[in-house]
K.L.:
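Here's a structure for you.
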Amino acid sequence: MAGHSKWSKVKHIKAVVDAKKGQAFSKASREITLAAKGGGDPSLNSRLRTAIEAARAVNMTMDTIERAVKKGTGELGGEAMTEITYEAYAPGGVAMIIECATDNKNRSANDVRATLSRNHGTLGSVGSVAHQFARKGEIRVPMSAVNEDKMLEAALDAGAEDVTNDGDDHIVTTEWTQLFAVGAALKDAGIVPASQKLIQQPQSLVAVTDPSVATQVIRLYELLDGLDDVQNVYTNFDIPDEVMAEVNL
């Protein structure tokens, strides 16, 4: 989502709450397990390297990280973790991509469908909204850590596509295949990312100008994001600051 300051603050507050509830911790663990299906050696598996860095950012212990890796490689028993992606519409024609990691597809499907139907959303068919997003890499660096000029120069020298900010973080966008390489180059330049991950970036934004619709959209986003099996929710809404000020959450 594009960086309106009020929404970024809502997301920041929510991230703190999620961390306290352990949601960020469990999502990081599931991502490691999924990534490890492509091989348990981080030096040969860039997705796994990224997942482990994200887990360390939420203070996951190495023992827990190693267990998640072994679960993904099949060294530990239990139900296999599967990735499922749903495409949906929120009120106002807003598109959504909902990425799940689950050991029970039926449970995930039921939870997502029920949440959508109870909150003014609709489930789309495969491909109905995916074309509105592009797979990208996203690296975040606190704005307090480096000035804008240095951030821009270092990121572009590292091969990044773009650098923006949301008032709190510098946001570096990369081709999805270049995420780890750009992150490593930034570290070599003395800039340590707070996070780096693959995202679904909207190609265009849908303006939401009605406060009641904006309230419904954000509430649906947060309810979906809070489901146990949901890893990520991406959407293309754009809520002006003056509308965001009237949102009733």
Side-chain angles (χ1 to χ4, degrees), residues 1 18 22-42 44-58 60 64-90 95-116 121-139 174-180 195-203 220-236:
M1 282 162 293
D18 283 350
Q23 187 180 32
F25 190 93
S26 61
K27 286 186 176 186
S29 180
R30 288 197 299 265
E31 174 60 20
I32 290 172
T33 297
L34 291 169
K37 287 186 173 185
D41 184 350
L44 301 175
N45 183 338
S46 61
R47 181 179 177 183
L48 182 57
R49 289 198 298 271
T50 299
I52 290 173
E53 288 186 7
R56 287 173 173 165
V58 293
M60 185 179 289
T64 304
I65 289 172
E66 289 172 4
R67 283 198 299 273
V69 170
K70 289 179 179 178
K71 186 174 181 181
T73 58
E75 295 176 63
L76 294 180
E79 293 293 327
M81 194 72 69
T82 303
E83 291 181 274
I84 309 173
T85 299
Y86 297 98
E87 299 175 45
Y89 289 97
M96 289 184 142
I97 290 182
I98 306 155
E99 295 179 344
C100 297
T102 183
D103 56 7
N104 186 322
K105 292 182 180 180
N106 290 334
R107 179 189 65 224
S108 299
N110 290 338
D111 286 349
V112 169
R113 287 194 184 99
T115 301
L116 287 167
T122 56
L123 191 65
S125 58
V126 175
S128 58
V129 306
H131 64 281
Q132 300 182 51
F133 295 80
R135 197 67 162 163
K136 296 290 183 179
E138 180 190 87
I139 299 170
T174 76
E175 285 292 341
W176 72 271
T177 55
Q178 295 300 306
L179 173 63
F180 189 78
S195 69
Q196 58 183 51
K197 61 183 179 179
L198 294 172
I199 63 167
Q200 294 283 1
Q201 185 182 74
Q203 297 303 283
L220 176 57
Y221 173 94
E222 293 192 335
L223 288 169
L224 287 167
D225 192 50
L227 293 176
D228 287 343
D229 293 339
V230 170
Q231 286 291 94
N232 300 294
V233 181
Y234 301 104
T235 183
N236 64 350

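What you see below is based on every heavy atom in this structure, not just the backbone, and it leaves out hydrogens, waters and symmetry mates.
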K.L.:
Please find the pair of heavy atoms, one from Ala28 and one from Met60, that lie closest to each other, and give the distance.
P.N.:
CB-CE, 4.0 Å

K.L.:
For Glu87, check salt bridge (Lys or Arg N to Asp or Glu O under 4.0 Å) against everything at least two apart and list the hits.
P.N.:
none

K.L.:
Give the minimum heavy-atom separation between Val129 and Met96, together with the two atoms involved.
P.N.:
CG2-O, 3.3 Å

K.L.:
Test your reading of the model: is there a side-chain donor-acceptor pair from Asn236 to the backbone of Ala95, 3.5 Å cut-off?
P.N.:
yes

K.L.:
Applying side chain to side chain contact (heavy atoms under 4.5 Å, CB included), run through Asp225 and Lys27 and close with a yes or a no.
P.N.:
CA-CA 11 Å; Asp225 192 50; Lys27 286 186 176 186; 3.0 Å; yes

K.L.:
Are more than 12 heavy atoms from other residues, nucleotides or ligands located less than 6.0 Å from atom CG of Asp228?
P.N.:
no

K.L.:
Between the side chain of Tyr221 and the main-chain N/O of Ala90, is any donor-acceptor distance below 3.5 Å?
P.N.:
no

K.L.:
What distance do Lys136 atom NZ and Leu198 atom CG have between them, rounded to the nearest 0.5 Å?
P.N.:
11.5 Å

K.L.:
Report the C-alpha separation of Arg49 and Ser46 in whole Å, then their side-chain angles, then the decisive distance to 0.1 Å, and conclude whether the side chain to side chain contact (heavy atoms under 4.5 Å, CB included) test is met.
P.N.:
CA-CA 5 Å; Arg49 289 198 298 271; Ser46 61; 3.4 Å; yes

K.L.:
If you take all heavy atoms of Tyr86 and Lys105, which pair is closest and at what distance?
P.N.:
OH-O, 4.1 Å

K.L.:
Kindly compute the distance separating OG1 (Thr50) from CG (Leu179), expressed to the nearest 0.5 Å.
P.N.:
4.5 Å

K.L.:
Between Thr33 (side chain only) and Ala68 (backbone N and O only), is there a donor and an acceptor less than 3.5 Å apart?
P.N.:
yes

K.L.:
Could you report the tightest heavy-atom contact between Val69 and Ala36, atom names first, then the distance?
P.N.:
O-CB, 3.5 Å

K.L.:
Just by distance, do the side chain of Asn232 and the backbone of Ile199 share a donor-acceptor pair under 3.5 Å?
P.N.:
no

K.L.:
Please name the pair of heavy atoms, one in Gly127 and one in His131, separated by the smallest distance, quoted to 0.1 Å.
P.N.:
O-ND1, 3.4 Å

K.L.:
Between CG of Leu123 and CD1 of Ile98, what distance do you get to the nearest 0.5 Å?
P.N.:
7.0 Å

K.L.:
Answer yes or no: is there a side-chain heavy-atom contact under 4.5 Å between Leu116 and Leu220?
P.N.:
yes

K.L.:
So, taking the atom named CZ in Phe180 and the one named CG in Asn45, what distance separates them when rounded to the nearest 0.5 Å?
P.N.:
10.5 Å

K.L.:
Can you tell me how far apart CD (Gln132) and CD (Gln201) are? Round to the nearest 0.5 Å.
P.N.:
13.5 Å

K.L.:
Is any side-chain N of the basic residue among Arg47 and Glu31 closer than 4.0 Å to the acidic one's carboxylate O?
P.N.:
yes

K.L.:
Distance-only, no hydrogens or angles: does the Gln231 side chain make a donor-acceptor pair with backbone N or O of Asp229 under 3.5 Å?
P.N.:
no

K.L.:
Report the distance from atom CZ of Phe25 to atom OG1 of Thr64, rounding to the nearest 0.5 Å.
P.N.:
4.5 Å

K.L.:
For Thr115 and Leu223, work out which heavy atoms get closest and say how close.
P.N.:
CG2-CB, 3.8 Å

K.L.:
Taking C-beta and beyond as the side chain, do Ile97 and Val233 meet within less than 4.5 Å on heavy atoms?
P.N.:
no

K.L.:
Before accepting this row, confirm whether a basic side-chain N of the pair Glu99/Arg30 lies closer than 4.0 Å to the acidic partner's carboxylate O.
P.N.:
no

K.L.:
Do Arg135 and Gln200 have side chains that approach each other closer than 4.5 Å (heavy atoms only, starting at C-beta)?
P.N.:
yes

K.L.:
Taking it one step at a time, do Thr177 and Glu175 satisfy side-chain hydrogen bond (donor to acceptor under 3.5 Å, both in side chains)?
P.N.:
CA-CA 5 Å; Thr177 55; Glu175 285 292 341; 5.4 Å; no

